[in-house]
Amino acid sequence: MTTLIADHVRKRYGQVDVLQDVCLHVRGGETVALLGPSGRGKSTLLRCLAGLEPPTSGRVAVSGRVGLVLQQLYLFPHMTVWRNVTYAPLRAHRLPKEEVEKRAHDLLDRMQLEDKKDVFPASLSGGQKQRVAIARALAIQPDVLLLDEPTSALDAARSQSVWRIIRQAAGPLASIIVVTHDTDLARQVADRVLTLRDGCLSDAA
């Protein structure tokens with residue numbers, strides 16, 4: 001079953017075509033990695049897929065709930081780690097409280113953040129903030145998970161560990177699209193590795 005479709009997506013800023021005729025179909029349970037030079041549209045494509053920015057032309061269709069981790073992370077500074085992780089599933093998605101709290105405890109424990117649940121983001125390291133943002137995205141039990149450089153603040157060993165957690169916690173039916181500069185990790189975790197260059201998608205060499 002296809003959970004995400006991008007058909008002939010184009011995104012233009014002024015006179016610049018950042019995305020040109022991008023087509024992408026992602027099946028349930030599939031992990032797709034996006035590589036490419038910096039500043040060439042990977043984050044823009046992710047934002048279009050998430051519905052944060054409308055394409056200039058073309059169509060995006062997503063089935064189910066979408067979890068999103070952007071490079072800027074956007075943790076709520078006035079909320080504790082616990083509230084950051086539980087707020088959306090409780091308030092936005094109206095998931096059962098007992099289920100949400102159980103999943104939050106499990107995610108924070110897997111991310112080695114259980115002892116940080118009552119602190120605020122300002123007290124966390126960059127890597128800890130990144131793991132909180134990932135836990136928050138997973139807490140809504142997404143059908144599609146969009147990740148923009150989710151392990152850039154982590155060393156190689158921690159990156160691999162976090163990726164195992166992401167795939168296990170997302171479940172076998174969730175689709176994952178990840179933007180990364182880590183070519184080796186992309187080839188380890190992804191079913192398909194694509195390159196975005198000059199606004200167009202192609203299979204990575």
Task: Salt-bridge present (Asp198, Arg40; N to O < 4.0 Å) - done: yes

Task: Verdict with supporting geometry, Val81 and Leu124, side chain to side chain contact (heavy atoms under 4.5 Å, CB included) - done: CA-CA 9 Å; Val81 166; Leu124 302 174; 3.7 Å; yes

Open item on the list: Between Gln141 and Glu99, is the side-chain hydrogen bond (donor to acceptor under 3.5 Å, both in side chains) condition met? List the steps.
Closed with: CA-CA 11 Å; Gln141 302 176 45; Glu99 177 183 321; 2.6 Å; yes

TODO: Give the intermediate values and the outcome of side chain to side chain contact (heavy atoms under 4.5 Å, CB included) for residues Ser57 and His8.
DONE: CA-CA 7 Å; Ser57 62; His8 304 290; over 6 Å; no

Task: Test: Asp17 and Arg10 ion pair at under 4.0 Å - done: yes

TODO: Measure from the side-chain N and O atoms of Ser175 to the backbone N and O of Arg27, and report whether any donor-acceptor pair falls under 3.5 Å.
DONE: yes

TODO: Could you give me the CA-CA distance, side-chain angles and deciding distance for Ser43 and Asp148, then say whether side-chain hydrogen bond (donor to acceptor under 3.5 Å, both in side chains) is met?
DONE: CA-CA 7 Å; Ser43 295; Asp148 196 351; 2.6 Å; yes

- [ ] Decide whether Leu154 and Val179 are clustered together by the hydrophobic rule: side chain heavy atoms of Ile, Leu, Val, Met, Phe, Trp, Tyr closer than 4.5 Å, transitively.
- [x] no

Task: Non-hydrogen atoms of Met111 and Ile165 that approach each other most closely - done: CE-CG2, 3.8 Å

Task: Least distance between heavy atoms, Val60 atom then Pro55 atom - done: CG2-CG, 4.2 Å

Task: Exercise: identify the closest heavy-atom pair between Val66 and Pro142 - done: C-CB, 4.2 Å

Task: Note, Leu52 side chain near Leu68 side chain (heavy atom, < 4.5 Å) - done: yes

- [ ] For His181 and Ser38, run side-chain hydrogen bond (donor to acceptor under 3.5 Å, both in side chains): C-alpha distance rounded to whole Å, both residues' side-chain angles, the deciding distance at 0.1 Å, then the answer.
- [x] CA-CA 9 Å; His181 284 95; Ser38 297; 3.1 Å; yes

TODO: Report yes or no: do Thr31 and Arg167 form a side-chain donor-acceptor pair below 3.5 Å?
DONE: yes

- [ ] Measure the spacing between CZ of Arg110 and CG of Leu138 and express it to the nearest 0.5 Å.
- [x] 9.0 Å

Task: Atom pair NZ (Lys11) and OG1 (Thr56), whose distance is rounded to the nearest 0.5 Å - done: 4.5 Å

Task: Same apolar cluster: Leu194 and Leu147, side chain cutoff 4.5 Å - done: no

Open item on the list: Any heavy-atom pair between the side chains of Gln130 and Val162 that's under 4.5 Å?
Closed with: no

Open item on the list: Heavy-atom count check: over 12 atoms from other residues, nucleotides or ligands less than 6.0 Å from Arg12 CZ?
Closed with: yes

TODO: Keeping the roles fixed (side chain from Lys42, backbone from Arg197), state whether a donor-acceptor pair exists under 3.5 Å.
DONE: no

Task: Contact summary for Leu108 and Ala135, nearest pair of heavy atoms - done: CD2-CB, 4.5 Å

Task: Minimum side-chain heavy-atom gap Val193-Asp203 below 4.5 Å - done: no

TODO: Test Arg158 against Thr151 for side-chain hydrogen bond (donor to acceptor under 3.5 Å, both in side chains), laying out the working first.
DONE: CA-CA 8 Å; Arg158 180 59 63 85; Thr151 58; over 6 Å; no

- [ ] Identify whether Leu196 and Val26 are in the same connected component of the hydrophobic contact network (ILVMFWY, side-chain heavy atoms under 4.5 Å).
- [x] yes

Open item on the list: I need the minimum non-hydrogen distance between Pro121 and Pro77, along with the two atoms involved.
Closed with: CD-O, 3.9 Å

TODO: Find out whether Ile177 and Leu24 are in side-chain contact, i.e. whether some heavy atom of one side chain is under 4.5 Å from a heavy atom of the other.
DONE: yes

TODO: Measure the spacing between CD of Glu30 and CD1 of Ile176 and express it to the nearest 0.5 Å.
DONE: 10.5 Å

Open item on the list: Please check: side-chain N/O of Ser159 versus main-chain N/O of Asp155, any donor-acceptor pairing under 3.5 Å?
Closed with: yes

Open item on the list: Quick one about Ser202 and Thr195 (side-chain donor to acceptor, distance below 3.5 Å, no hydrogens or angles considered), yes or no?
Closed with: no

Open item on the list: Quick one: does any side-chain atom of Arg136 pair with a main-chain N or O of Thr86 as donor and acceptor, under 3.5 Å?
Closed with: no

Open item on the list: For His105 and Trp82, take the angle between the two ring planes, folded into 0 to 90°, and tell me which bin it lands in: parallel under 30, tilted 30 to 60, perpendicular over 60.
Closed with: tilted

Task: Atom of Ala186, atom of Ala33 and distance for their closest heavy-atom approach - done: CB-CB, 3.7 Å

Task: Side-chain donor/acceptor of Asn84 to backbone N/O of Met79, under 3.5 Å - done: yes

TODO: Take Lys129 and Val132 through the side chain to side chain contact (heavy atoms under 4.5 Å, CB included) test and state the conclusion after the steps.
DONE: CA-CA 5 Å; Lys129 290 177 183 176; Val132 172; 5.6 Å; no

Open item on the list: Using a 6.0 Å cut-off, check whether atom CD of Glu98 has over 12 heavy atoms from anything other than its own residue.
Closed with: no

- [ ] Flag yes if Leu49 and Val62 sit in one hydrophobic cluster, no otherwise; membership is Ile, Leu, Val, Met, Phe, Trp, Tyr, and two members link when side-chain heavy atoms are under 4.5 Å apart.
- [x] yes

Open item on the list: With a 4.5 Å cut-off on side-chain heavy-atom distances among I, L, V, M, F, W and Y, is there a chain of contacts connecting Leu201 to Val144?
Closed with: yes

- [ ] Decide yes or no for Leu146 and Val178: does some side-chain heavy atom of the first lie under 4.5 Å from some side-chain heavy atom of the second?
- [x] no

Open item on the list: Regarding Asp106 and Lys102, does a basic nitrogen lie under 4.0 Å from an acidic carboxylate oxygen?
Closed with: no

Open item on the list: Within the structure provided, determine whether Asp182 and Glu149 are in side-chain contact (heavy-atom separation under 4.5 Å).
Closed with: no

Task: No-hydrogen, no-angle side-chain donor-acceptor test under 3.5 Å, Glu53 and Thr44 - done: no

TODO: Drop me the distance from Leu185's CG to Thr180's OG1, to the nearest 0.5 angstrom.
DONE: 6.0 Å

TODO: Mark yes or no: Arg83 above the aromatic ring of Phe120, with NZ or CZ under 6.0 Å from the six-membered ring centre and no more than 45 degrees from the axis.
DONE: no

- [ ] Hey, could you give me the CG/CG distance between Leu113 and Leu107, rounded to the nearest 0.5 Å?
- [x] 10.0 Å

Task: Rounded distance [0.5 Å steps], CG in Leu145 versus CG in Leu4 - done: 11.5 Å

Task: Ionic contact status for Arg59 with Asp7, cut-off 4.0 Å - done: yes

